[in-house]
Structures are given as structure tokens and as C-alpha cells.
**Q** 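Quick one: structure below, then a few questions.
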There are 2 protein chains.
Amino acid sequence: MRLTTKGRYAVRALFCLSKYTDEKPTPLSVVAKDQDISLNFLEQLFVHLRKNGIVSSVRGPRGGYRLAKKPKDITIGEVLRAVGEATYPVFCTEDDIPNNKQCPRADECVTHLLWIKLGKTINDFLDSTTLEELYQFKPE
Amino acid sequence: MRLTTKGRYAVRALFCLSKYTDEKPTPLSVVAKDQDISLNFLEQLFVHLRKNGIVSSVRGPRGGYRLAKKPKDITIGEVLRAVGEATYPVFCTEDDIPNNKQCPRADECVTHLLWIKLGKTINDFLDSTTLEELYQFKPE
DNA sequence: TATAACTTGACTATTATTGTTAGTTTAGCA
DNA sequence: TGCTAAACTAACAATAATAGTCAAGTTATA
Ligand code: FES
Ligand code: FES
């Protein structure tokens, strides 16, 4: 039950973006250098962040990305889900279940409700924590 | 952030064991058939469950496993950790960190405390839920 | 003493993750 | 108008983790 780099990088990258609050967009090359993340990998993540309305993009020279909402309106949960990080601990709680991953006896599965409750606990936390709150976590 | 089969199978297998409350131990072949899990894979899991004092074994003919404690004294958290399932979402919260997995700038890492808090939320849940409570989740 | 079960370790197939390569498109600017 | 910086796209490859298998023991009792 580990977060993947997709999720971890996305949060770090967005935190980095939130530091540049001026009007001009920030190119990913800056984020990549600042956070030591492969530029190409970042680009893949930002495609999904943009499609989910978390960032907006400006193409061409002097272009880049900026947050589409205020940090306090961006939850960690929506960021993780945007980049494809699973926030529920089992497959069977989601819509399109790969058949081979399905619990063979869902009807009588005693653990299903347990994992649902765990997932709810996790998502309640993630959805009530925003990007803005990262600032208060920052060590001095 | 998915549970692996190790964790999921371990919980299901122990629940299965808890159904056979008579004195004689239950062979893994019964659990394997009941839960549709590879016998050899189960054996690997039970090595760790035994070493962590969750089950006890009886060798020889008519042997098998039984719970070493009462279901209400076995938490989901200890089961998951026993079989090697990570219950914290990031590596850097644990003792022996593979170097390549370490966040490169742990000192100034703004997300570290976030993941610690998430991990605490998860573990609080797991450690306050026991095997016994699975019965009340069972659908009729 | 034969057998049913546990025990151990090594091995393999599969899948998921992580990252790379190689481009195309867009738009500001000299 | 051409150069360049940036977003965008898609396919590909390396690596690592997972899931499961196989084979060869060991133990204890019927
Ligand atoms: S059907 Fe969801 S955990 Fe078994
Ligand atoms: S050092 Fe723990 S998340 Fe970065």
C-alpha cells in the first residue's frame, strides 16, 4: 500500500507551482529543476492535471502552467486521483474492474466492507487536506 | 496505493481459520480450498503469521494451524504488517530506507509530514479494527 | 514406518511502475 | 518570416515488484 511516484511527484510539483504566484505561467522546466523530476515525466502528469481542471496551460515561448484554482481549493485527493493514483485500497470498489482482479466471491466477501471503510477513512483525510496546508507542514 | 494480495489473502485466510473454533488445528489445504488460494502461497504467508505470534502450528498428520489469540485480540494492522504489507504510504517513514527510494531532499520536504499524517490515519484505523469485527461486516 | 502436514529456499512468469525517445504543434519575438 | 521555447502526444524500454510455482526437505503421529 505505497503511493506511487505519480502521486508523490504531482503533489510536490503543484506545491512548487504554488510558490510562483505572479501572473506569468511557470514552465515545467523550472519545476523539473526545482524538484529534481524528469521533465518528460512531469509533462505526462500535467496532461492529466490540466484535463481535470487543476492547472491551466499557456503554449508557446514564455508559456507554462499555472494553478487553475486557489491552493486552498485544491485537495490532495483530487490531485492524486487526477494523475491516476488509486485512493481506494482494493480494485473491487471501483467502477471498471479488471476481471482478473476481482475477488472471486464478491457476494460473500467478508473483507469487502472492511476495505471500503479503510478507503473511506483514507479519502476523508485526502479530501479534507488542501495544497495550502502544505505550507504549515514545511519545516523551517 | 493498493493492498497487495499478500495482505488481502492473509486477512481472508485468518477469517477462515477463525470459523473453525474447535480444538483441532485446521490444515491449510482446507483454507486453500475454502478461499480459493494457492496452497503454496498460503504456506509462505503462514510462516510469517506464525513468527509474529498470530497463529500456532501443529505438525504431522492431523496437524494444521490455529489462531494463537482470540479474534478480538488480533488487529488487521498486525496481520498486514506480519505478511510484509506496508501500512505507511511512503518509504521514508520506515527504518531501513532503500537509498534509491528516498526523497532526495528530506530536510526540506514539504510533503513528508503530509504522508506521515496520512499513514497515521490509516494505521489508527487498522489497529483499532480486529478480526472479530469482520463477522459484523459479513453480508447475509 | 508411512503419511499428512508443515517448512524452506530458490525460481519463474507476469504485471506495474518509472522513465525515455522522438517527435508535433503552438505562439512569442527578433 | 524564420527561430525558438514551450506545451502536447504516443509509443517504447528498462526496471522492479508482485504473484505464484516447484522441489526438496522436516516433523510428528496414526
Ligand atoms: S469483493 Fe471487494 S474485497 Fe472481496
Ligand atoms: S522525505 Fe518523506 S516524503 Fe519526502
Side-chain angles (χ1 to χ4, degrees), chain A residues 1-10 12-13 17 20 24-33 35-52 54-66 68 80 83-86 89-91 98-104, chain B residues 1-10 12-13 17 20 24-33 35-51 55-66 68 80 83-86 89-91 98-104:
Chain A
M1 253 185 70
R2 299 283 195 196
L3 284 167
T4 66
T5 53
K6 281 196 288 196
R8 299 198 319 273
Y9 284 10
R12 277 168 55 202
L17 259 199
Y20 303 100
K24 31 182 226 285
T26 307
L28 286 188
S29 54
V30 170
V31 178
K33 185 171 285 183
Q35 295 287 321
D36 243 324
I37 298 175
S38 145
L39 173 59
N40 298 96
F41 197 57
L42 268 184
E43 283 173 344
Q44 291 179 31
L45 298 180
F46 273 71
V47 168
H48 296 106
L49 293 173
R50 182 176 56 78
K51 288 184 178 163
N52 282 275
I54 296 171
V55 297
S56 60
S57 67
V58 177
R59 303 182 71 155
R62 321 278 301 166
Y65 287 96
R66 56 165 71 95
L80 296 184
V83 295
E85 179 83 61
V90 283
F91 282 94
N99 261 325
N100 52 332
K101 292 292 179 182
Q102 177 62 291
C103 197
Chain B
M1 252 184 68
R2 299 282 194 197
L3 284 167
T4 65
T5 53
K6 281 195 288 197
R8 298 198 319 274
Y9 284 10
R12 277 168 56 203
L17 260 198
Y20 302 101
K24 28 183 227 285
T26 308
L28 286 188
S29 54
V30 170
V31 178
K33 184 171 286 182
Q35 295 288 320
D36 244 324
I37 298 175
S38 145
L39 174 59
N40 297 98
F41 198 56
L42 268 185
E43 284 173 344
Q44 291 179 30
L45 299 180
F46 272 73
V47 168
H48 295 105
L49 293 174
R50 183 177 58 76
K51 287 184 178 163
V55 296
S56 59
S57 66
V58 176
R59 307 181 74 154
R62 321 277 302 164
Y65 286 97
R66 56 164 71 94
L80 296 184
V83 295
E85 180 83 59
V90 283
F91 282 94
N99 261 326
N100 53 332
K101 292 292 179 181
Q102 177 61 290
C103 198

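First the proteins, then the strands, lettered A, B, ... as listed; each starts at 1.
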**Q** OP1, OP2 of dA19(D) versus side-chain N and O of Arg2(B): anything below 4.0 Å?
**A**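 Checking dA19(D) against Arg2(B), no side-chain N or O comes under 4.0 Å of OP1 or OP2.
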**Q** Return whichever of Gly64(A) or Met1(A) has its heavy-atom-nearest nucleotide of DNA chain D closer to the 5' end.
**A** Gly64(A)
**Q** Take the protein atom CZ of Arg8(A) and the nucleotide atom C1' of dG19(C), then report the distance between them rounded to whole Å.
**A**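 My rounded result for the distance is 14 Å.
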**Q** Rounded to whole Å, please give me the gap between CG in Leu3(A) and P in dA16(C).
**A**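 Atom-to-atom, Leu3(A) to dA16(C), this comes out as 18 Å.
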**Q** CG of Leu17(B) versus C1' of dC6(C): gap in Å, rounded?
**A**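 Result: 14 Å.
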**Q** Verify side chain to side chain contact (heavy atoms under 4.5 Å, CB included) between Met1(A) and Arg2(B), making sure each step is shown before the conclusion.
**A** CA-CA 5 Å; Met1(A) 253 185 70; Arg2(B) 299 282 194 197; 5.9 Å; no
**Q** Under the criterion side chain to side chain contact (heavy atoms under 4.5 Å, CB included), I'd like the reasoning laid out for Val30(B) against Tyr65(B): C-alpha separation, chi angles, the key distance, then a yes or no.
**A** CA-CA 11 Å; Val30(B) 170; Tyr65(B) 286 97; over 6 Å; no
**Q** Check side-chain contact (heavy atoms from CB on, under 4.5 Å) between Val47(A) and all other residues, then give those that pass, not counting sequence neighbours.
**A** Lys51(A)
**Q** Remember a base hit wins even if backbone is also touched, and classify Tyr65(A) as base, sugar-phosphate or nothing at under 4.0 Å, heavy atoms.
**A**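 Sugar-phosphate only.
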**Q** Specify the separation, in whole Å, of atom CZ of Phe46(B) and atom P of dA5(C).
**A**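 To the nearest whole Å, that distance equals 15 Å.
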**Q** Can you check whether Thr4(B) has a side-chain N or O nearer than 4.0 Å to OP1 or OP2 of dA19(D)?
**A** yes
**Q** Rounded to whole Å, how long is the line connecting atom CZ of Phe91(B) with atom C1' of dT18(C)?
**A**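 It is 13 Å, rounded to the nearest whole Å.
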**Q** Taking the side chain of Val47(B) as heavy atoms from C-beta outward, which of dT8(C), dA7(D), dC6(C) is closest to it?
**A** dT8(C)
**Q** Are OP1 or OP2 of dC8(D) and a side-chain N or O of Ser57(A) less than 4.0 angstrom apart?
**A** yes
**Q** Please identify which of these residues, Thr26(B), Val55(B), Val58(B), meets the side chain to side chain contact (heavy atoms under 4.5 Å, CB included) condition with Arg66(B).
**A** Val58(B)
**Q** Taking the six-membered ring for Trp, are Tyr9(A) and Phe41(A) parallel (under 30°), tilted (30 to 60°) or perpendicular (over 60°)?
**A** perpendicular
**Q** Taking Ser57(A)'s backbone N and O only, do any of them form a donor-acceptor pair with Arg50(A)'s side chain (distance below 3.5 Å, no angle check)?
**A**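 Looks like no, no N/O pair under 3.5 Å.
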**Q** Measure the distance from CZ on Arg66(A) to P on dA7(D) and round it to the nearest whole Å.
**A**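 Going from Arg66(A) (CZ) to dA7(D) (P), I get 12 Å.
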**Q** When rounded to the nearest 0.5 angstrom, what is the spacing between CG in Leu17(B) and CD in Gln35(B)?
**A** 10.0 Å
**Q** I'd like to compare against my own output: the B/S/- annotation of nucleotides 20-30 of chain D with a strict under-4.0 Å heavy-atom distance to protein.
**A** BBB---BBBBS
**Q** Rounded to whole angstroms, how far apart are CG on Leu45(A) and C1' on dT17(C)?
**A**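 Distance, rounded to whole Å: 12 Å.
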**Q** Rounded to the nearest Å, what distance is computed from the NZ atom of residue Lys24(B) to the P atom of nucleotide dC6(C)?
**A** 15 Å
**Q** So what is the end-to-end bend of the helix from dT1(C)-dA30(D) to dA30(C)-dT1(D), with 5 pairs used at each end and the value given to 10 degrees?
**A**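 It comes to 10° between the two terminal axes.
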**Q** Answer whether the closest heavy-atom distance between the side chains of Ile37(B) and Val31(B) falls below 4.5 Å.
**A**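 No, their side chains stay 4.5 Å or more apart.
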**Q** Between Gly63(A) and Lys51(A), name the one whose nearest nucleotide on DNA chain D is closer to the 5' end.
**A** Gly63(A)
**Q** Does Glu85(B) reach the main-chain N or O of Thr4(B) with its side chain, forming a donor-acceptor pair under 3.5 Å?
**A** yes
**Q** Indicate yes or no: at least one non-hydrogen side-chain atom of Asn52(A) is less than 4.5 angstrom from one of Val83(A).
**A**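 Side-chain contact under 4.5 Å: no.
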